J.: 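Right, I'll just put the structure down here and ask away after.
When a ligand or atom number is given, it counts from 1 through the structure's own listing order. Note that the structure is predicted; figures quoted are calculated from it, not measured.
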Amino acid sequence: MKIVRTVSELRGIVRQARTNGSALIGLVPTMGALHDGHLSLVHAARRDCGFVIMSIFVNPKQFTEAADLEGYPRQEAADTALADAAGVDVVFAPDASELYPDGFATTVHVTGPLTQTLEAAGRGPEHFDGVATVVSKLLIAAGADAAFFGQKDAQQVLVVRRMVADLGIPTDIVACPTVRDSDGLAKSSRNVRLSGADRAQAVAIPRALEAVEAALALGETGTDALHSRATTVLTAAGITPEYVAFVDARTLLPATDIAEPVLCAIAARVGSVRLIDNTLLTLPDTIEEN
Ligand code: PAF
């Protein structure tokens, strides 16, 4: 596995891979601190593509708090070893000056509810500008046929899909299922910052999503009622959520019942760590038929 730091080196390697007959080029964009969630994206990319690139870049433009950016775990040697073992062909790990050289003056901004709801409040309005800007740069640099993202960041997937459609970037955006620990907590690079007690408390987040799914399976389709199922579980665990939201899974506009696929999304701070999780709700067949 190669590690490259410049866009021109990356382009050379991709050109060579295409010349060697690699049918499809896959990109797994990451900020490092790899866990099983990232590795599942590599496995999906390996399955679909002949050549797999992983980018590792802690993107300063998507952080609104300096402390969050500084505290973000950085472990390149461990990450590249994991990437190699998972079957990545090349890691692209640029410095900030490679992606944002002096004079850099372009922002990719997706307008509308996709960037104004859910995470917009907690992470700040610039967050999705930073994501759209860096992802467009990475997709163009890699010339990727497909790029792989985790469904845990469901809003990010929608923003990136909108961005590639609007800019005509010829990359398929593939959303892969959330990977969870055995107790249900969604894998996240931030989980390492949870203390033992916080870790136990955080499990209430997937439990709240499960309570919503269970109530829906029993025929409860009103989002107000489902909302109180989730908040009951969170409150019992001592968690005050930033939001428990029920939104149309394609537009992120508020949903009042589960007629169309609805995303139930939760954000909550546990200790000093902000966690997000979600589940996609669709009407069970038996309810739909009645
Ligand atoms: O999901 C992430 O890790 C980041 O938002 C991404 C997509 C790598 C862009 O910096």
J.: What residue and atom, counting heavy atoms only, is the protein's closest point to atom 3 (O) of ligand 1, and at what distance?
T.: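 For atom 3 (O) of ligand 1, the nearest protein heavy atom comes out as M31 CG, 3.7 Å.
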J.: Checking side chain to side chain contact (heavy atoms under 4.5 Å, CB included) for the pair V135/L139: CA distance, chi angles, key distance, verdict?
T.: CA-CA 6 Å; V135 172; L139 296 180; 3.9 Å; yes
J.: Test salt bridge (charged side-chain N to carboxylate O under 4.0 Å, His left out) on E119 and R274 and set out the steps.
T.: CA-CA 11 Å; E119 288 300 284; R274 189 171 179 280; 2.6 Å; yes
J.: Is it the side chain, the backbone, both or neither of V160 that has a heavy atom closer than 4.0 Å to ligand 1?
T.: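 The answer is neither.
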J.: Which of the numbered atoms in ligand 1 are below 4.0 angstrom from a heavy atom of T30?
T.: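 Result: 8 (C).
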J.: What is the distance from atom CG of L275 to atom CG of L194, rounded to the nearest 0.5 Å?
T.: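 Between atom CG of L275 and atom CG of L194 there are 5.5 Å.
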J.: Quick one: which ligand 1 atoms are inside 4.0 Å of a heavy atom on P29?
T.: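 Going through ligand 1 atom by atom, the ones under 4.0 Å from P29 are 8 (C).
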J.: Looking at atom 1 (O) of ligand 1, what's its closest protein heavy atom, distance included?
T.: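 Going by distance alone, atom 1 (O) of ligand 1 is nearest to Q156 NE2, 2.9 Å.
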J.: Are the charged groups of R199 and D181 less than 4.0 angstrom apart, N to O?
T.: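 Salt bridge present between R199 and D181.
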J.: When you check the side-chain N and O atoms of Y72 and N59, is any donor under 3.5 Å from an acceptor?
T.: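 Checked: Y72/N59 side chains show no N/O donor-acceptor pair below 3.5 Å.
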J.: Just distances here: any N/O of N59 and N/O of ligand 1 closer than 3.5 Å?
T.: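 By distance alone, the answer is no.
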J.: Under a 4.0 angstrom heavy-atom cut-off, which atoms of ligand 1 come close to V134?
T.: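 Checking each atom against V134, I get 9 (C), 10 (O).
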J.: N/O of Q62 under 3.5 Å from N/O of ligand 1, yes or no?
T.: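 There is such a contact, yes.
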J.: Give the ring-plane orientation class for F104 versus Y100, where under 30° counts as parallel, over 60° as perpendicular and anything between as tilted.
T.: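 Rings of F104 and Y100: perpendicular, as their planes differ by over 60°.
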